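Take a look at the structure below.
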Number of protein chains: 2
Amino acid sequence: MDVEELLKEQRLKVTPQRKAIINVLESSDGVLSAQEIFTEVIKILPNINFSTIYRNLDLLLERGILCRITPESGGILYELRREEGHHHHVICKKCGASIPLDYCPMGNIEKELSRKGFTPTEHRFEIYGYCNKCSKKIKE
Amino acid sequence: MDVEELLKEQRLKVTPQRKAIINVLESSDGVLSAQEIFTEVIKILPNINFSTIYRNLDLLLERGILCRITPESGGILYELRREEGHHHHVICKKCGASIPLDYCPMGNIEKELSRKGFTPTEHRFEIYGYCNKCSKKIKE
DNA sequence: CTCCAATTGCAAAAGGTTTGCATTTGCGTT
DNA sequence: AACGCAAATGCAAACCTTTTGCAATTGGAG
């Protein structure tokens, strides 16, 4: 992925901070908290501030470069949007791995909703559990 | 609903604070934040403290008396669990009305998950939009 | 009625996120 | 290549929500 290109497409300035944040997210195969992102980015840019992290996460989320996940257990997690178009996530509670899922349940209930007069604008469908690797570890 | 009975079933002490919290949730037809619950309960019990609200929300949630909703936009919302068994929610972004939904999409993707070796433990499916009443108001 | 564990109120702390402001910097323009 | 300015950053403080320790109170079993 060309991070500079990605930022330019969005007419965002290419700063070392933004490149570091995106690179950290890219090199992770799962979801990360703001704290985890900060911990990694500060290794690259020792002077970076938490407010820069938050401001950029918000911005990148707005521009559709990131996805945000809010697990039942609380907290907010981010990941790089790797898939084109609408999709959902399957997330491992142990290692944080995020697996994209093309299936979307909305088609199955649109009729029921319109019968109720409800106009859906957004929805979320997230699955939590243990990935292939972590399931095996737990059984052992 | 007999609030005292509900608490006794769970072997929880029947305190005025708990009764007030449940009554507030019962008289709302939708989801409420901890702050909103506090604002209502303090009208009934002027001395109640925020920590009592939080402690009881956690407790009632554990016991399955409440449901917790965490919208994409952030924040945590609570509602009285009115339905028996597993269900999802359709929530109006304007008035907060919560409509229970019996449909659950998990059945449709269990095979795909097991093919991936993923063991699901929890999931969430929430729909946001505008209810019948609020859709009409917006159009006008 | 008595007694004890459960519950509450209070105050302070903790945790995560946001904001105001002065400084710096990316980058379009000259 | 240098300039100028809006955008972005770092810093510190503020904010908001939630949690915690502790002493006082209270529900309800015996």
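Bear in mind that the values here come from a model prediction, so they are computed numbers and not experimental data. A note on names: the letters A, B, ... follow the listed sequences, proteins ahead of strands, and every chain is numbered from 1.
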Roughly, in whole Å, what's the span from [atom1] in [X] to [atom2] in [N]?
X      : N       : atom1 : atom2 : answer
K8(B)  : dA6(C)  : NZ    : P     : 18 Å
F50(B) : dT7(C)  : CZ    : C1'   : 18 Å
F38(B) : dC16(D) : CZ    : P     : 15 Å
I42(A) : dT9(D)  : CD1   : P     : 15 Å
K13(B) : dA29(D) : NZ    : P     : 9 Å
L7(B)  : dT7(C)  : CG    : P     : 10 Å
N56(B) : dT19(D) : CG    : C1'   : 14 Å
I53(B) : dT8(C)  : CD1   : C1'   : 12 Å

Check every atom of dG28(D), dT8(C), dA8(D) against the side chain of T52(B) and return the nucleotide holding the closest atom.
dT8(C)
Hey, are K93(A) and E122(B) close enough for a salt bridge, meaning a charged N less than 4.0 Å from a carboxylate O?
yes
Taking 4.0 angstrom as the limit, do K43(A) and E40(A) come out as a salt bridge?
yes
Can you measure from [atom1] ([X]) to [atom2] ([Y]) and round to the nearest 0.5 angstrom?
X       : Y      : atom1 : atom2 : answer
I37(A)  : E79(A) : CD1   : CD    : 10.5 Å
L57(B)  : R55(B) : CG    : CZ    : 12.0 Å
I21(B)  : L80(B) : CD1   : CG    : 12.0 Å
I127(B) : H88(B) : CD1   : NE2   : 9.0 Å
I65(B)  : L6(B)  : CD1   : CG    : 4.0 Å

Ignoring hydrogens and angles, state whether a donor on the side chain of T70(B) or R124(B) is under 3.5 Å from an acceptor on the partner side chain.
yes
Using only heavy-atom distances, determine whether the side chains of Q17(A) and T52(A) contain a donor-acceptor pair under 3.5 Å.
no
Residues in side-chain contact (heavy atoms from CB on, under 4.5 Å) with K8(B), at least two apart?
E4(B), V14(B)
Residues in side-chain contact (heavy atoms from CB on, under 4.5 Å) with R18(B), at least two apart?
L7(B), L12(B), K13(B), T15(B), N56(B), L59(B)
Could you tell me whether the side chain of S114(B) and the main chain of K111(B) form a donor-acceptor pair under 3.5 Å?
yes
Do the side chains of I109(B) and Y130(A) join up, straight or via other hydrophobic residues, at under 4.5 Å, putting them in one cluster?
no
Would a single hydrophobic cluster contain both L77(A) and Y54(A), if residues Ile, Leu, Val, Met, Phe, Trp and Tyr are joined by side-chain heavy-atom contacts under 4.5 Å?
no
Sorted by number, residues from residues 58-67 of chain A placing a heavy atom under 4.0 Å from DNA chain C are D58(A)
For nucleotides 10-16 of chain C, which of its nitrogen or oxygen atoms have a protein nitrogen or oxygen under 3.5 Å away, and what is each distance?
residue: dC10(C); atom: N4; partner: S51(B); partner atom: OG; Å: 3.2

Angle separating the five-pair end axes of the helix from dC1(C)-dG30(D) to dT30(C)-dA1(D), nearest 10°, is 30°
Under 4.0 Å, heavy atom to any atom of DNA chain D: which of residues 14-22 of chain A qualify?
T15(A), Q17(A), R18(A)
